[in-house]
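Structure first, then comments.
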Protein chains: 2
Amino acid sequence: MSLTKQKILKAAVDLFNQKGYVNVSIRDIASSTGISVGNLSYHFNTKAAILENIYQQIITERNSLLSGIQLIPTVKTIHEQLSPIIGLYQKYQFFYLDILEIIRANPKIAKLHRTHIQTQIQYIKAVLDYSVETGNMLPESHKGQYQHLSHTLWMLLSFWLHQQKIRAKEGNYLHEARSAVWNLVIPYLSDKGKKNLHTIYEKQYTISNPKS
Amino acid sequence: MSLTKQKILKAAVDLFNQKGYVNVSIRDIASSTGISVGNLSYHFNTKAAILENIYQQIITERNSLLSGIQLIPTVKTIHEQLSPIIGLYQKYQFFYLDILEIIRANPKIAKLHRTHIQTQIQYIKAVLDYSVETGNMLPESHKGQYQHLSHTLWMLLSFWLHQQKIRAKEGNYLHEARSAVWNLVIPYLSDKGKKNLHTIYEKQYTISNPKS
DNA sequence: GTCTATAGAGTGATAGAC
DNA sequence: GTCTATCACTCTATAGAC
């Protein structure tokens, strides 16, 4: 990809994150890149084309992130791996914040993203199942329990920034989102799992309380 | 409030729910109401004025709903009261779905809604605390646990429709949102609480599984 | 109260010179 | 590849007749 194309995409992501997808015009992107509208349109025919390229970028980054991950999830590795995952949600936050508008206007991305979400939830479920096997989590107490939990965990991660924006809470995004995840999981941890989690947070008083 | 004003607000809510707040023009609202743009502007100076009136309507309905509620929450009354609350999220879904765009463009509503959310979370917390007193829920196992849980419950309720739209799942909104709430709470229920919950769902196999 | 007509500022996208 | 100029359109809001 040409340098100009890369610069356009970078400027676009920054602007989208700042003002929201629908509030950024191709004029804004052009001037922020330092080129003319005509030139921008030469590189990307439409605004949708820019979005599609960014989405490809998101998928690529996420895949390379997941492929680099330890296959044996322990409490510690899960804790550490949450960091880059949450980081992606932040880097391309406009996509997750404005997802409803985006899929309304772009059926192609809508479909891709839908299966992507499905994959993510199943990935979480697999980590939970494996944690049962390694004795960090208790077995399901009723059928479907961990499917539900996976779904809620996904919601927590993918809407965390959204709720933070709405409530105008500024705190440490990574830290708080990760705390919320662990607090949700705690009741399902075995004694072994709890002990492992405690080791991670031992330097702190406890898993941080929400700021009410 | 004049009949015309009421008709405008009703048409506006319907259109906002269908197409999303930003995608509805005052022309759309006028023609859907069956009046001219000029006439619409006579009744509401700006699009923001329409939104503010709708927001007032939401608050009024919610207050009258909460004031009519049993003060002694049991598992059964909580279950029943979830229905009208979830119903409100559905009736004014555009507000919750497009909340980010709405607060971006309307600081006044942003501030009101922020304190409103705060109240809701504290209300949930109060219900949990009371449920501990009545023996339906276990005492907190660590400080801040139920504050966290209240927050997550609020997220689940307020983003449920959002995730449903994104994932293009059509199922029964009330039924599924309520199941998600109970599934989140189950690990914290006492034996008494579990028994009471079981009574409610006894005609079903179990609390419904998510559709994967 | 209700209408038509229009101002004025945006938008995405394109034509055509260099 | 890059630019300027412009088309064709949509939007909110208002002016002024009835």
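As the structure is a prediction and not an experimental result, all values here were calculated from the model. Residue numbers begin at 1 in each chain, while the letters A, B, ... track the order of the sequences. All values below come from the heavy atoms of this structure, side chains included, with hydrogens, waters and symmetry mates left out.
Aromatic pair Y96(B)/H162(B): ring centres not closer than 6.0 Å. Ring to ring, W160(A) and H151(B) are close: their centroids are under 6.0 angstrom apart. The ring of Y188(B) has its center closer than 6.0 angstrom to the ring center of Y146(B).
At least one side-chain nitrogen or oxygen of Y42(B) sits closer than 4.0 Å to the OP1 or OP2 atom of dG1(C). Taking side-chain N and O atoms only, N39(A) has a distance below 4.0 Å to OP1 or OP2 of dC3(D). Put simply, T4(A) has a side-chain N or O that comes within less than 4.0 Å of OP1 or OP2 on dT2(D). OP1 or OP2 of dA13(C) has not a single side-chain nitrogen or oxygen of S41(A) nearer than 4.0 Å.
Closest to the side chain of R27(A), out of dT11(C), dT4(C), dT4(D), is dT11(C). When distances run from any side-chain atom of S25(B) to the nucleotides dG1(D), dC11(D), dA13(C), the shortest one goes to dC11(D).
Residue K47(B) contributes atom NZ, which lies 9 Å from atom P of dA13(D) at whole-angstrom precision. Put simply, CZ on F44(B) is 14 Å from C1' on dG1(C), counting in whole angstrom units. Summarising the geometry, the separation between CG on L40(A) and P on dT2(D) is reported as 11 Å, rounded to the nearest angstrom. Between L51(A) atom CG and dG12(C) atom P the separation is 13 Å, expressed in whole Å. Rounded to whole Å, the distance from NZ on K19(A) to C1' on dT11(C) is 12 Å. What separates CD1 of I26(B) from P of dA13(D) is a distance of 6 Å, to the nearest Å. One interatomic measurement links the two molecules: CG of D28(A) to C1' of dG10(C), which rounds to 11 Å at whole-angstrom precision. As a whole-Å value, the separation of I8(B) CD1 from dT2(C) P is 8 Å.
The backbone N or O of I102(B) lies less than 3.5 Å from no partner atom in the side chain of N106(B), so there is not a single donor-acceptor pair.
Comparing N45(A) and I35(B) by the nucleotide of DNA chain C that holds the closest heavy atom to each, the one mapping nearer the 5' end is I35(B).
Between the side chains of S67(A) and S64(A), no donor-acceptor pair is found at a separation under 3.5 Å.
Contacts of V22(B) with the nucleic acid, taken as non-hydrogen atoms under 4.0 Å apart, are absent.
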